[in-house]
Amino acid sequence: RLTVRDLPDDVLSYIFEELAVVAPPRMLLSPSTESSSGTFTLGWILATHVCRRWRGLLMSLSPLWATIICKIPHVSPVLMDRARKAPLTIDMLPDYNIRAPLQRELFDLTLDHIEQVCSLRWQFDNLPQVHKAREILSSVTLPLLYVFELRAERGLSMPHSALRLD
């Protein structure tokens with residue numbers, strides 16, 4: 001009779017990849033206001049707490065970590081370390097309220113690793129951010145990038161040339 005302990009690592013890895021799809025870490029919404037409650041659910045990350053083998057295997061699956069960099073913003077540097085050199089998914093659209101200091105940290109962290117980004121979705125809330133992003137994006141090649149979406153915060157007047165890349 002086989003148990004989960006008997007599964008080979010490649011099968012467990014596949015299971016963990018599926019778990020990451022159905023149980024992603026995310027910010028929880030307050031039921032009364034439908035806005036951020038400031039509380040997070042760890043989703044698939046909880047599986048790292050089951051046993052040493054699962055933790056080691058999940059820690060080695062850098063592509064899983066690379067997709068959640070912005071999901072739990074207060075630990076994004078740790079998530080970035082765990083992502084190692086895997087292509088990054090950066091989603092900084094206003095799906096939930098991330099405090100301004102954390103947004104700036106995420107923005108800077110993203111720019112520090114911009115050449116690893118495969119999916120980039122940003123919303124800018126000030127012109128200095130736009131100009132800094134333009135400067136960086138104009139000076140690098142992004143061979144992994146396949147999703148690119150930029151938005152301006154409502155009320156932000158952005159000249160058409162602000163994001164023209166040279």
Side-chain angles (χ1 to χ4, degrees), residues 13-31 33-48 58-158 162-165:
S13 294
Y14 178 75
I15 291 169
F16 292 149
E17 289 167 4
E18 292 301 312
L19 179 62
V21 171
V22 298
R26 66 187 189 292
M27 184 176 281
L28 298 175
L29 299 179
S30 170
T33 63
E34 290 296 314
S35 66
S36 166
S37 68
T39 305
F40 294 88
T41 177
L42 293 178
W44 64 264
I45 296 173
L46 286 173
T48 66
L58 279 159
M59 295 298 281
S60 74
L61 296 174
S62 55
L64 295 185
W65 300 99
T67 63
I68 63 169
I69 302 297
C70 298
K71 300 291 185 192
I72 310 176
H74 61 282
V75 294
S76 289
V78 172
L79 300 175
M80 187 71 77
D81 286 343
R82 292 179 181 177
R84 293 185 283 287
K85 296 292 182 189
L88 302 172
T89 298
I90 303 297
D91 188 350
M92 291 180 53
L93 297 180
D95 294 338
Y96 39 78
N97 300 323
I98 301 173
R99 293 187 313 273
L102 281 176
Q103 283 180 339
R104 284 191 296 278
E105 283 180 37
L106 276 171
F107 181 77
D108 291 341
L109 187 65
T110 298
L111 291 178
D112 289 345
H113 295 85
I114 195 69
E115 292 174 342
Q116 270 182 263
V117 174
C118 65
S119 176
L120 180 61
R121 299 173 71 212
W122 260 341
Q123 177 163 316
F124 296 104
D125 58 1
N126 61 64
L127 278 176
Q129 267 187 345
V130 172
H131 293 303
K132 186 174 181 180
R134 179 178 179 262
E135 180 183 324
I136 299 291
L137 292 171
S138 293
S139 65
V140 296
T141 302
L142 304 172
L144 304 176
L145 190 67
Y146 66 90
V147 173
F148 186 68
E149 180 180 347
L150 300 178
R151 296 183 192 174
E153 177 78 26
R154 191 172 291 191
L156 178 63
S157 175
M158 195 166 22
L163 282 174
R164 189 186 84 239
L165 301 179

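What you see is a predicted model; the values in this text were computed from it and never measured. FYI, side chains are in, hydrogens and waters are out, and symmetry mates aren't considered; it's all heavy atoms of this structure. We number each residue from 1, following the sequence as shown.
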- Query: In Å, rounded to the nearest 0.5 Å, how long is the span from CH2 of Trp44 to CD of Glu18?
  - Reply: 13.5 Å
- Task: Nearest 0.5 Å please: distance from the CD1 atom of Ile68 over to the CG atom of Leu88.
- Result: 11.5 Å
- To the nearest 0.5 Å, atom CG of Leu79 lies from atom NZ of Lys71 at 11.5 Å
- Item | Asp108: side chain to side chain donor-acceptor pair (under 3.5 Å) partners, not counting sequence neighbours | Lys132
- Query: Which value, rounded to the nearest 0.5 Å, describes the distance between Leu145 atom CG and Ile114 atom CD1?
  - Reply: 7.5 Å
- Item | Non-hydrogen atoms of Ile69 and Thr89 that approach each other most closely | CB-O, 4.3 Å
- Task: Provide the closest heavy-atom pair for Asp91 versus Cys70 in the form atom of the first, atom of the second, distance.
- Result: O-CB, 3.4 Å
- Query: With no hydrogens and no angle check, is any side-chain donor or acceptor of Gln123 less than 3.5 Å from a backbone partner on Met92?
  - Reply: no
- Message: Among residues at least two apart in sequence or on other chains, which ones pass ring-ring contact (aromatic ring centres under 6.0 Å, His included) with Trp122?
- Response: Phe107, Phe124
- Any Leu42 side-chain heavy atom under 4.5 Å of Ile72 side chain: yes
- Message: Quick one, Cys118 and Val147 - any side-chain contact, counting heavy atoms below 4.5 Å?
- Response: no
- Rounded to the nearest 0.5 Å, the CD atom of Glu105 sits from the NE2 atom of His74 at a distance of 11.5 Å
- Item | Contact check, side chains of Glu115 and Thr141, non-hydrogen atoms, under 4.5 Å | no
Which atom pairs, donor and acceptor, lie under 3.5 Å between side-chain atoms of residues 59-66 and protein residues at least two apart or in another chain?
unit_1: Ser60; atom_1: OG; unit_2: Leu57; atom_2: O; d: 2.6
unit_1: Trp65; atom_1: NE1; unit_2: Leu58; atom_2: O; d: 2.9

- Qualifying residue for side chain to side chain contact (heavy atoms under 4.5 Å, CB included) with Phe148, from Leu137, Leu142, Val117: Leu137
- Item | Distance (rounded to the nearest 0.5 Å) between Glu149 CD and Leu120 CG | 9.5 Å
